[in-house]
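Quick notes on the structure that follows.
Only this structure's heavy atoms are used, side chains among them; waters, hydrogens and symmetry mates stay out. Order of the sequence lines fixes the chain letters, A, B, ..., with proteins taken first and strands second; residue numbering starts at 1 for each chain.
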Amino acid sequence: GLCNMGKINNAFEVMHRMIQNGCIPDCKIYTELIAGLCRDKKVDDAKRLLIKMSERGCLPSIVTYGILVHGFGKNGRVDEACQILEEMMLAGKTPNAVIFNSLLDVLCKTGRSQDAQELLLLMREVSCAPDVVTYSILIDTSCKENRLDEAWCLLREMINIGCVPNVVTYTTLIHGMCRQDDIDGAFQVLKVMSERGCMPNVVTYSTVIDGLFKAGRDGKAVELLVEMVEK
RNA sequence: CGAAAAUAAAUU
(Lines give C-alpha, C1' and ligand atoms only; values in the text may rest on other atoms or scores of the structure.)
Protein backbone atom coordinates (compact mmCIF):
# COMPACT_ATOMS: atom_id res chain seq x y z
CA GLY A 1 0.00 0.00 0.00
CA LEU A 2 2.72 2.46 0.90
CA CYS A 3 4.61 1.62 -2.29
CA ASN A 4 1.50 2.25 -4.34
CA MET A 5 1.16 5.64 -2.67
CA GLY A 6 4.74 6.42 -3.64
CA LYS A 7 5.88 6.27 -0.04
CA ILE A 8 8.73 3.83 -0.47
CA ASN A 9 10.67 5.16 2.47
CA ASN A 10 7.76 4.49 4.79
CA ALA A 11 7.46 1.00 3.35
CA PHE A 12 11.10 0.36 4.21
CA GLU A 13 10.50 1.73 7.70
CA VAL A 14 7.72 -0.78 8.18
CA MET A 15 9.97 -3.58 7.00
CA HIS A 16 12.71 -2.58 9.41
CA ARG A 17 10.23 -2.33 12.23
CA MET A 18 8.87 -5.77 11.52
CA ILE A 19 12.39 -7.19 11.55
CA GLN A 20 13.01 -5.54 14.94
CA ASN A 21 9.87 -7.18 16.20
CA GLY A 22 11.13 -10.57 15.15
CA CYS A 23 8.94 -10.87 12.10
CA ILE A 24 10.82 -12.05 9.03
CA PRO A 25 9.87 -10.44 5.70
CA ASP A 26 9.13 -13.01 3.03
CA CYS A 27 9.79 -13.02 -0.71
CA LYS A 28 6.56 -11.18 -1.45
CA ILE A 29 7.46 -8.28 0.78
CA TYR A 30 10.87 -7.91 -0.85
CA THR A 31 9.22 -8.21 -4.23
CA GLU A 32 6.82 -5.38 -3.42
CA LEU A 33 9.68 -3.18 -2.27
CA ILE A 34 11.62 -3.96 -5.44
CA ALA A 35 8.56 -3.04 -7.47
CA GLY A 36 8.24 0.21 -5.54
CA LEU A 37 11.87 1.07 -6.17
CA CYS A 38 11.53 0.33 -9.88
CA ARG A 39 8.45 2.50 -10.02
CA ASP A 40 10.58 5.29 -8.58
CA LYS A 41 13.21 4.55 -11.24
CA LYS A 42 15.63 3.46 -8.55
CA VAL A 43 16.61 0.31 -10.40
CA ASP A 44 20.09 0.12 -8.94
CA ASP A 45 18.63 0.07 -5.45
CA ALA A 46 16.16 -2.53 -6.65
CA LYS A 47 18.97 -4.71 -7.95
CA ARG A 48 20.82 -4.36 -4.64
CA LEU A 49 17.71 -5.40 -2.76
CA LEU A 50 17.40 -8.48 -4.97
CA ILE A 51 20.90 -9.49 -3.91
CA LYS A 52 20.15 -8.68 -0.30
CA MET A 53 16.99 -10.76 -0.17
CA SER A 54 18.90 -13.75 -1.53
CA GLU A 55 21.54 -13.26 1.15
CA ARG A 56 18.80 -13.19 3.74
CA GLY A 57 17.55 -16.52 2.50
CA CYS A 58 14.62 -15.28 0.45
CA LEU A 59 14.77 -16.57 -3.08
CA PRO A 60 13.53 -14.08 -5.67
CA SER A 61 10.53 -15.45 -7.51
CA ILE A 62 9.91 -15.34 -11.21
CA VAL A 63 7.82 -12.23 -10.58
CA THR A 64 10.67 -10.54 -8.70
CA TYR A 65 12.94 -11.06 -11.70
CA GLY A 66 10.21 -9.92 -14.04
CA ILE A 67 9.82 -6.65 -12.21
CA LEU A 68 13.54 -6.00 -12.44
CA VAL A 69 13.76 -6.88 -16.12
CA HIS A 70 10.93 -4.49 -16.79
CA GLY A 71 12.43 -1.84 -14.52
CA PHE A 72 15.77 -1.82 -16.31
CA GLY A 73 14.15 -2.02 -19.72
CA LYS A 74 11.78 0.87 -19.14
CA ASN A 75 14.64 2.99 -17.86
CA GLY A 76 16.58 2.55 -21.07
CA ARG A 77 19.02 0.08 -19.59
CA VAL A 78 18.31 -2.71 -21.99
CA ASP A 79 21.58 -4.59 -21.65
CA GLU A 80 21.14 -4.80 -17.91
CA ALA A 81 17.59 -6.03 -18.42
CA CYS A 82 19.00 -8.83 -20.61
CA GLN A 83 21.54 -9.52 -17.92
CA ILE A 84 18.82 -10.05 -15.32
CA LEU A 85 17.26 -12.59 -17.65
CA GLU A 86 20.55 -14.46 -17.80
CA GLU A 87 20.97 -14.28 -14.06
CA MET A 88 17.57 -15.74 -13.39
CA MET A 89 18.27 -18.61 -15.74
CA LEU A 90 21.58 -19.22 -14.00
CA ALA A 91 19.63 -19.25 -10.76
CA GLY A 92 17.57 -22.07 -12.22
CA LYS A 93 14.41 -20.09 -12.97
CA THR A 94 12.87 -20.38 -16.41
CA PRO A 95 11.48 -17.04 -17.60
CA ASN A 96 7.80 -17.03 -18.44
CA ALA A 97 5.93 -15.25 -21.22
CA VAL A 98 5.49 -12.07 -19.18
CA ILE A 99 9.24 -11.68 -18.84
CA PHE A 100 9.99 -12.56 -22.45
CA ASN A 101 7.32 -10.15 -23.60
CA SER A 102 8.60 -7.36 -21.43
CA LEU A 103 12.10 -7.72 -22.83
CA LEU A 104 10.90 -8.32 -26.37
CA ASP A 105 8.99 -5.06 -26.25
CA VAL A 106 11.99 -2.93 -25.28
CA LEU A 107 14.23 -4.69 -27.79
CA CYS A 108 11.71 -3.98 -30.54
CA LYS A 109 11.08 -0.41 -29.46
CA THR A 110 14.80 0.34 -29.41
CA GLY A 111 15.29 -1.10 -32.88
CA ARG A 112 17.29 -4.10 -31.75
CA SER A 113 15.58 -6.53 -34.06
CA GLN A 114 18.50 -8.96 -34.16
CA ASP A 115 18.38 -9.33 -30.38
CA ALA A 116 14.61 -9.59 -30.54
CA GLN A 117 14.86 -12.50 -32.96
CA GLU A 118 17.36 -14.23 -30.73
CA LEU A 119 15.08 -13.76 -27.77
CA LEU A 120 12.24 -15.39 -29.67
CA LEU A 121 14.52 -18.33 -30.38
CA LEU A 122 15.41 -18.60 -26.71
CA MET A 123 11.72 -18.52 -25.91
CA ARG A 124 11.22 -21.54 -28.16
CA GLU A 125 14.21 -23.31 -26.66
CA VAL A 126 12.75 -23.12 -23.18
CA SER A 127 9.32 -24.12 -24.50
CA CYS A 128 7.68 -20.86 -23.58
CA ALA A 129 4.74 -20.40 -25.93
CA PRO A 130 4.18 -16.95 -27.42
CA ASP A 131 0.87 -15.49 -26.29
CA VAL A 132 -1.43 -12.71 -27.40
CA VAL A 133 0.90 -10.11 -25.87
CA THR A 134 3.92 -11.50 -27.75
CA TYR A 135 2.05 -11.27 -31.03
CA SER A 136 0.69 -7.82 -30.28
CA ILE A 137 4.23 -6.58 -29.66
CA LEU A 138 5.45 -8.10 -32.93
CA ILE A 139 2.49 -6.74 -34.86
CA ASP A 140 3.02 -3.29 -33.37
CA THR A 141 6.68 -3.40 -34.37
CA SER A 142 5.87 -4.44 -37.94
CA CYS A 143 3.30 -1.66 -38.18
CA LYS A 144 5.58 1.03 -36.80
CA GLU A 145 8.31 -0.07 -39.20
CA ASN A 146 5.81 0.18 -42.05
CA ARG A 147 5.61 -3.53 -42.77
CA LEU A 148 1.86 -3.97 -42.79
CA ASP A 149 2.04 -7.15 -44.83
CA GLU A 150 4.17 -8.71 -42.14
CA ALA A 151 1.71 -7.55 -39.49
CA TRP A 152 -1.10 -9.31 -41.30
CA CYS A 153 1.01 -12.48 -41.58
CA LEU A 154 1.54 -12.41 -37.85
CA LEU A 155 -2.18 -12.01 -37.24
CA ARG A 156 -2.89 -15.01 -39.42
CA GLU A 157 -0.13 -16.98 -37.75
CA MET A 158 -1.41 -16.35 -34.25
CA ILE A 159 -4.92 -17.33 -35.19
CA ASN A 160 -3.56 -20.49 -36.83
CA ILE A 161 -1.84 -21.58 -33.65
CA GLY A 162 -4.94 -20.90 -31.61
CA CYS A 163 -3.89 -17.64 -30.04
CA VAL A 164 -6.89 -15.32 -30.02
CA PRO A 165 -6.28 -11.67 -30.91
CA ASN A 166 -7.76 -9.25 -28.40
CA VAL A 167 -8.74 -5.60 -28.42
CA VAL A 168 -5.11 -4.49 -28.11
CA THR A 169 -4.04 -6.61 -31.08
CA TYR A 170 -6.78 -5.21 -33.29
CA THR A 171 -6.25 -1.65 -32.12
CA THR A 172 -2.56 -1.99 -32.92
CA LEU A 173 -3.42 -3.04 -36.47
CA ILE A 174 -5.96 -0.27 -36.83
CA HIS A 175 -3.33 2.24 -35.78
CA GLY A 176 -0.90 0.79 -38.32
CA MET A 177 -3.44 1.15 -41.09
CA CYS A 178 -4.28 4.72 -40.13
CA ARG A 179 -0.59 5.55 -40.26
CA GLN A 180 -0.55 4.27 -43.84
CA ASP A 181 -3.54 6.53 -44.55
CA ASP A 182 -5.66 3.44 -45.07
CA ILE A 183 -8.65 4.67 -43.10
CA ASP A 184 -11.05 2.46 -45.00
CA GLY A 185 -8.96 -0.56 -44.10
CA ALA A 186 -8.99 0.58 -40.48
CA PHE A 187 -12.78 0.70 -40.61
CA GLN A 188 -12.81 -2.82 -42.01
CA VAL A 189 -10.79 -4.06 -39.04
CA LEU A 190 -13.08 -2.18 -36.69
CA LYS A 191 -16.01 -4.03 -38.22
CA VAL A 192 -14.31 -7.42 -38.31
CA MET A 193 -13.20 -7.33 -34.69
CA SER A 194 -16.74 -6.73 -33.49
CA GLU A 195 -17.97 -9.56 -35.70
CA ARG A 196 -15.42 -11.80 -34.02
CA GLY A 197 -16.77 -10.84 -30.64
CA CYS A 198 -14.01 -8.43 -29.71
CA MET A 199 -15.54 -5.10 -28.71
CA PRO A 200 -13.62 -1.91 -29.49
CA ASN A 201 -12.78 0.17 -26.44
CA VAL A 202 -12.01 3.84 -25.91
CA VAL A 203 -8.46 3.43 -27.23
CA THR A 204 -9.72 1.71 -30.38
CA TYR A 205 -12.16 4.51 -31.07
CA SER A 206 -9.71 7.29 -30.33
CA THR A 207 -7.22 5.64 -32.69
CA VAL A 208 -9.70 5.68 -35.56
CA ILE A 209 -11.02 9.13 -34.68
CA ASP A 210 -7.48 10.49 -34.63
CA GLY A 211 -6.82 8.87 -38.00
CA LEU A 212 -9.95 10.44 -39.44
CA PHE A 213 -9.06 13.92 -38.24
CA LYS A 214 -5.54 13.60 -39.59
CA ALA A 215 -6.98 12.56 -42.94
CA GLY A 216 -9.17 15.66 -42.88
CA ARG A 217 -12.38 13.67 -42.57
CA ASP A 218 -13.70 15.69 -39.66
CA GLY A 219 -17.33 14.87 -40.29
CA LYS A 220 -16.75 11.16 -40.16
CA ALA A 221 -14.65 11.60 -37.03
CA VAL A 222 -17.44 13.34 -35.18
CA GLU A 223 -19.86 10.71 -36.41
CA LEU A 224 -17.71 7.97 -34.90
CA LEU A 225 -17.35 9.91 -31.67
CA VAL A 226 -21.12 10.01 -31.38
CA GLU A 227 -21.35 6.30 -32.15
CA MET A 228 -18.80 5.56 -29.47
CA VAL A 229 -20.70 7.53 -26.84
CA GLU A 230 -23.97 5.88 -27.84
CA LYS A 231 -22.49 2.42 -27.53
C1' C B 1 -1.31 -22.02 2.29
C1' G B 2 -2.57 -18.09 -1.18
C1' A B 3 -3.10 -15.38 -9.31
C1' A B 4 -2.12 -10.63 -3.59
C1' A B 5 1.94 -8.96 -7.16
C1' A B 6 5.30 -8.08 -13.09
C1' U B 7 4.47 -7.52 -19.84
C1' A B 8 1.57 -5.14 -25.34
C1' A B 9 -2.28 -0.55 -28.37
C1' A B 10 -4.38 5.76 -29.32
C1' U B 11 -3.97 11.14 -27.89
C1' U B 12 -0.69 14.32 -24.78
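For the pair A:Ala186 and A:Cys178, the tightest heavy-atom approach, listed with the atom from each and the gap, is CB-SG, 3.8 Å. When all heavy atoms of A:Ser142 and A:Glu150 are compared, the pair lying nearest together is OG-OE2, 2.7 Å. The two residues A:Val63 and A:Thr31 have their closest heavy-atom pair at CG1-CG2, 4.3 Å. Among all heavy-atom pairs drawn from A:Ala11 and A:Leu33, the shortest one is CB-CD2, 3.7 Å. Listed here is the closest heavy atom pair of A:Cys3 and A:Glu32: SG-O, 3.7 Å. Between A:Lys47 and A:Leu68 the shortest heavy-atom distance is N-CD2, 4.0 Å.
Proximity of residues 197-225 of chain A to RNA chain B (heavy atom under 4.0 angstrom from any strand atom) is restricted to A:Asn201, A:Val203, A:Ser206, A:Thr207, A:Asp210. RNA chain B lies under 4.0 Å from at least one heavy atom of each of the following residues of residues 99-108 of chain A: A:Ile99, A:Asn101, A:Ser102, A:Asp105. Of all the residues in residues 122-139 of chain A, A:Val133, A:Ser136, A:Ile137 reach under 4.0 Å from RNA chain B with at least one non-hydrogen atom. Within residues 46-60 of chain A, no residue is approached by RNA chain B to less than 4.0 Å at the level of any non-hydrogen atom. Of the residues in residues 142-158 of chain A, those lying under 4.0 Å from RNA chain B by heavy-atom distance are A:Lys144.
Between A:Ile183 atom CD1 and A:Gln188 atom CD the span is 13.0 Å, to the nearest 0.5 Å. Considering OG of A:Ser113 and CD of A:Glu118, their distance stands at 10.5 Å, rounded to 0.5 Å.
Residue A:Asn166 has its side chain nearest to B:A8 when only B:A5, B:A8, B:G2 are considered. The nucleotide whose nearest atom lies closest to any side-chain atom of A:His175 is, among B:U11, B:A8, B:G2, B:U11. The side chain of A:Ser61 approaches B:A5 more closely than any other nucleotide in the set B:G2, B:A6, B:A5.
Taking the ring centre of A:Tyr205 as origin, the terminal cationic atom of A:Lys231 falls outside the region bounded by 6.0 Å and 45° from the ring axis.
A salt bridge between A:Arg48 and A:Asp45 is present, with a side-chain N of the basic residue lying under 4.0 Å from a carboxylate O of the acidic one. With salt bridges taken as basic N to acidic carboxylate O contacts below 4.0 Å, one links A:Asp105 and A:Lys74. We find that A:Glu223 and A:Lys220 are joined by a salt bridge, their nearest charged nitrogen and carboxylate oxygen being less than 4.0 Å apart.
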* Decide side chain to side chain donor-acceptor pair (under 3.5 Å) for A:Thr207 and A:Asp210; before the verdict, give the C-alpha distance in whole Å, the side-chain angles of both, and the deciding distance to 0.1 Å. => CA-CA 5 Å; A:Thr207 302; A:Asp210 183 59; over 6 Å; no

* Apply side chain to side chain donor-acceptor pair (under 3.5 Å) to the pair A:Glu87 and A:Tyr65, showing each step before the final yes or no. => CA-CA 9 Å; A:Glu87 283 174 25; A:Tyr65 283 110; over 6 Å; no

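Taking atom CZ of A:Arg39 as the reference point, atom C1' of B:A5 lies 13 Å away to the nearest angstrom. Distance A:Asn96 CG to B:A6 P: 12 Å, rounded to the nearest Å. Summarising the geometry, the separation between CG on A:Leu173 and P on B:A9 is reported as 14 Å, rounded to the nearest angstrom. To the nearest angstrom, P of B:A6 lies 19 Å from CG of A:Leu85. A:Ile67 places its CD1 atom 13 Å from the C1' atom of B:A3, with the value rounded to the nearest Å. We find that CZ of A:Arg179 is positioned 13 Å from P of B:A9, with the value rounded to whole Å. We find that CG of A:Asp140 is positioned 13 Å from C1' of B:U7, with the value rounded to whole Å. Straight-line distance from the CG atom of A:Leu190 to the C1' atom of B:A10: 13 Å, rounded to whole Å.
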For a quick test of your reading: what N or O donor-acceptor pairs under 3.5 Å do the side chains of residues 195-204 of chain A make, sequence neighbours left out?
{"from": "A:Arg196", "atom 1": "NH1", "to": "A:Tyr170", "atom 2": "OH", "distance (Å)": "3.0"}
{"from": "A:Asn201", "atom 1": "OD1", "to": "A:Val203", "atom 2": "N", "distance (Å)": "2.9"}
{"from": "A:Asn201", "atom 1": "OD1", "to": "A:Thr204", "atom 2": "N", "distance (Å)": "3.0"}
{"from": "A:Asn201", "atom 1": "OD1", "to": "A:Thr204", "atom 2": "OG1", "distance (Å)": "3.0"}
{"from": "A:Thr204", "atom 1": "OG1", "to": "A:Thr171", "atom 2": "OG1", "distance (Å)": "2.9"}
{"from": "A:Thr204", "atom 1": "OG1", "to": "A:Asn201", "atom 2": "N", "distance (Å)": "3.1"}

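Going from the C1' atom of B:U7 to that of B:A3 covers 15 Å, rounded to whole Å.
A:Lys74 has a side-chain polar atom (N or O) that falls below the 4.0 Å cut-off from OP1 or OP2 of B:A8. Checking the phosphate oxygens (OP1, OP2) of B:U7, no side-chain nitrogen or oxygen of A:Lys109 falls inside 4.0 Å.
Contact annotation for A:Thr171: base contact, defined as any heavy-atom pair under 4.0 Å involving a base atom.
When the side chains of ILVMFWY residues are joined at heavy-atom separations under 4.5 Å, either directly or via intervening members, A:Val132 and A:Ile99 end up in a single hydrophobic cluster.
Using modelled atom types and a 3.5 Å distance limit, the side chains of A:Arg39 and A:Asn4 yield no donor-acceptor pair.
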